[in-house]
Amino acid sequence: MHRRRLLLAAALCGTLLLTACSGGAGDPAADGPVELTYWAWAPHMDKVAEIWNASHPDIHVTVEKQASGDSLVPKVVNAVNVGVAPDLVQAEYQALPTLVANDVLVDIADRTAGLGGTFAPGVWQQVTLGSDAVYAVPQDTAPLALFYRQDLFRQYGLDVPTTWAEFADTARELRRKAPSRKLTTFSAGDPGLFASLAQQAGATWWTGSGRTWKVALDDTPTRKVADFWGGLVREGAVDNRPMYTDEWSKALDEGTQIAWVSAVWAPGVFTSYAPSTKGKWAMAPLPQWNAGESVTGSWGGSTTGVTAGAAKAGHVPAAVEFATWLNTDPAAVAALVKEAGIYPAATAAQTGGALATAPDFFANQPDFYTTAAEIAKTTAPAAWGPDVDVAYSAFKDAFGKAAQDRSDFSAALTAVQRYTLAALQRDGFTAAGQASRRPSGAASR
């Protein structure tokens with residue numbers, strides 16, 4: 001794809017678009033400004049684009065609001081195939097391999113030199129897909145942390161766990177002291193959370209590019225995570241109820257669930273699901289597999305990609321200029337925080353400015369965003385493939401039954417691996433499973 005993109009650029013620069021290719025990114029076309037279309041689902045992105053349009057008369061951006069990221073992927077793939085693609089698209093990190101495999105996104109490495117240092121290494125790796133190419137500019141990220149009820153931890157004499165072994169012990173200790181309460185729940189309906197926990201453990205689920213992939217959803221780090229949570233669910237040390245239900249909301253609000261492994265966007269969820277607990281929660285770094293380490297995963301986040309439609313129209317320079325501004329310029333990022341409610345991927349924007357004060361729900365933790373920024377720096381790289389949606393669907397089915405039955409999570413993981421690999425092969429990819437090895441010891445006891 002990189003070669004095709006270079007050939008296309010060379011061809012365009014040899015035609016009537018010579019001026020646009022050889023000049024600055026903001027060079028206007030002969031009949032007016034460059035007109036860019038941006039497909040995005042985050043709220044109020046049009047208000048952010050208005051800031052750009054007011055100060056960049058040579059490049060005008062029109063935001064077209066779309067449905068959520070999952071539904072946007074097939075829509076933009078089809079748009080490229082029929083020649084009506086937008087110039088830019090908001091794409092979740094896990095969707096990038098699918099978009100690249102379908103020739104939706106162009107490689108913008110030649111126009112983003114030096115930009116990688118603006119983001120945490122693990123975040124930047126996700127837009128390069130581990131290659132020399134760059135397929136998007138990171139927009140927001142969602143580092144995992146541990147949220148816990150300060151008052152109830154004090155009441156029951158619990159220490160905030162710093163390792164997963166301590167986390168398991170804390171769950172058991174709470175169960176002994178207060179049988180009606182649980183430390184947390186394992187929600188089988190949220191594969192994104194499980195994926196980010198595996199990411200923290202060092203999982204590499206997909207390796208490859210184009211039409212050739214290896215699939216290892218059951219690799220050793222992921223089995224460690226599955227065994228850990230499966231063990232806690234089987235012994236009843238943690239709950240097995242799904243999240244985002246009335247029952248789960250009641251458990252948070254009444255204090256029968258006193259901790260939650262979640263992401264930096266958790267304050268908004270607490271505001272809706274546990275309103276009476278305002279000021280009672282605190283955020284701490286995610287427990288580690290090995291004492292002294294500092295690694296986290298990321299549950300969510302998105303990027304800004306430049307499409308083949310922009311390449312066809314000769315709009316790549318202008319599109320890259322806007323994508324870079326949108327996700328790195330202080331005024332733009334402040335607007336993203338205010339209008340779209342995102343946690344910016346650019347490390348310089350993660351403290352101060354729009355994030356100078358803690359979320360209202362966490363007013364008791366003034367250093368909320370300072371802590372979040374330190375956690376975000378430790379985000380591990382993630383390895384996504386072209387069929388994440390298939391894997392997530394298989395996860396919900398297999399782990400949903402295992403969690404309900406309190407049965408073997410390892411067997412469920414094996415089922416997810418087999419289904420995902422077979423689906424990739426059925427879709428015409430050259431795909432193979434990557435040998436995995438069970439951990440030498442149980443993750444929980």
Side-chain angles (χ1 to χ4, degrees), residues 144-190 193-194 197 200-201 223-262 266 269-270 273-274 276-293 296 362 364-365 399-412 439-445:
L144 285 184
L146 177 64
F147 297 85
Y148 65 98
R149 282 282 298 268
Q150 286 182 306
D151 56 335
L152 295 178
F153 264 62
R154 285 193 296 266
Q155 178 179 334
Y156 294 110
L158 304 176
D159 294 326
V160 179
T162 61
T163 66
W164 287 114
E166 291 176 357
F167 182 91
D169 288 341
T170 301
R172 297 177 185 113
E173 183 180 357
L174 176 64
R175 187 186 182 198
R176 289 193 298 270
K177 292 180 175 179
S180 64
R181 302 185 194 269
K182 288 287 194 297
L183 182 63
T184 192
T185 189
F186 179 87
S187 178
D190 292 272
L193 175 55
F194 184 83
L197 289 169
Q200 184 216 18
R223 284 193 175 275
K224 178 169 64 175
V225 175
D227 286 346
F228 177 83
W229 287 97
L232 292 178
V233 168
R234 283 195 302 276
E235 68 178 86
V238 301
D239 207 346
N240 61 346
R241 78 182 78 204
M243 296 186 293
Y244 306 112
T245 63
D246 290 342
E247 184 182 17
W248 181 72
S249 174
K250 183 179 180 181
L252 288 179
D253 208 38
E254 294 182 349
T256 53
Q257 178 182 324
I258 71 169
W260 183 30
V261 176
S262 187
V269 177
F270 283 124
Y273 284 83
S276 71
T277 63
K278 178 181 177 181
K280 297 179 179 180
W281 292 84
M283 177 180 65
L286 196 65
Q288 302 295 303
W289 287 106
N290 299 305
E293 291 184 347
T296 194
F362 280 76
N364 57 302
Q365 189 174 9
F399 277 79
K401 187 175 188 307
Q404 181 179 1
D405 297 344
R406 298 184 185 274
S407 60
D408 186 8
F409 278 22
S410 183
S440 58
S444 66
R445 60 185 189 271

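What you see below is based on every heavy atom in this structure, not just the backbone, and it leaves out hydrogens, waters and symmetry mates.
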Of all heavy-atom pairs linking T163 and A291, the shortest is CG2-CA, 3.9 Å
P242 and W248 have their tightest heavy-atom pair at O-CB, 3.5 Å
task: Show your reasoning for whether side-chain contact (heavy atoms from CB on, under 4.5 Å) applies to F153 and L174.
output: CA-CA 9 Å; F153 264 62; L174 176 64; over 6 Å; no
So does Y156 get a backbone contact from the side chain of K177, meaning a donor-acceptor N/O pair under 3.5 Å? yes
- Item | side-chain contact (heavy atoms from CB on, under 4.5 Å) evaluation trace for L197 with W229 | CA-CA 10 Å; L197 289 169; W229 287 97; 3.7 Å; yes
Query raised in the report: Counting distance only, does the side-chain N/O of T277 pair as donor-acceptor with the main-chain N or O of K280 below 3.5 Å?
Result: no
Checking the side chain of R172 only, and the main-chain atoms of A237 only, is there a donor and an acceptor separated by less than 3.5 Å? no
Closest non-hydrogen atoms of A145 and M283, given as atom of the first, atom of the second and distance, are CB-CG, 3.5 Å
| Counting only N and O atoms by type, is there a donor-acceptor contact under 3.5 Å from the side chain of Q288 to the main-chain atoms of L286? | yes
Heavy-atom side-chain proximity of L183 to I258 below 4.5 angstrom = yes
Do any N or O atoms from the side chain of E247 and from the backbone of R241 form a donor-acceptor pair under 3.5 angstrom? no
**Prompt:** Quick check: does any side chain N or O of T184 sit under 3.5 Å from a backbone N or O of A259, one acting as donor and the other as acceptor?
**Reply:** yes
In short, A403 meets F186 closest at the heavy-atom pair CB-CD2, 4.4 Å
Would F270 and W281 satisfy ring pair (Phe, Tyr, Trp, His ring centres under 6.0 Å), going step by step from the backbone distance to the final call? CA-CA 9 Å; F270 283 124; W281 292 84; 4.4 Å; yes
With a 3.5 Å distance limit and no angle check, can you tell me whether N240 reaches the backbone of V233 through a side-chain donor-acceptor pair? no
- Message: Less than 4.5 Å apart, side chain to side chain, heavy atoms only: is that true for T185 and Q257?
- Response: yes
Evaluate V160 against Y148 for side-chain contact (heavy atoms from CB on, under 4.5 Å), listing each step before the verdict. CA-CA 8 Å; V160 179; Y148 65 98; 3.4 Å; yes
> Is a salt bridge present between K401 and D405, judged by a nitrogen-to-oxygen distance below 4.0 Å?
Replying inline: yes
Report the relative orientation of the aromatic rings in Y244 and Y273; use parallel for angles under 30°, tilted for 30 to 60°, perpendicular for over 60°.
perpendicular
Side chain E166, main chain T162, donor-acceptor under 3.5 Å: yes
**Study point:** Side chains of L252 and V269 in contact at under 4.5 Å (non-hydrogen atoms)
**Key:** no
Ring geometry between F147 and W260 (parallel below 30°, tilted from 30 to 60°, perpendicular above 60°):
tilted
Test side-chain contact (heavy atoms from CB on, under 4.5 Å) on Q200 and L144; report intermediate values, then the result.
CA-CA 9 Å; Q200 184 216 18; L144 285 184; 5.7 Å; no
Can the ring centres of F228 and W164 be said to be less than 6.0 Å apart?
-> yes
Shortest non-hydrogen pair, A171 vs V238, comes out as CB-CG1, 4.2 Å
ask   = Under a 4.0 Å N-O cut-off, is there an ion pair linking K250 with D253?
value = no
Here the gap from L232 atom CG to R175 atom CZ, rounded to the nearest 0.5 Å, amounts to 10.5 Å
Interatomic distance, CG@N364 vs CZ@F362, rounded to 0.5 Å, equals 7.0 Å
- prompt: Heavy atoms, side chains only, cut-off 4.5 Å: are P287 and L146 in contact?
  reply: yes
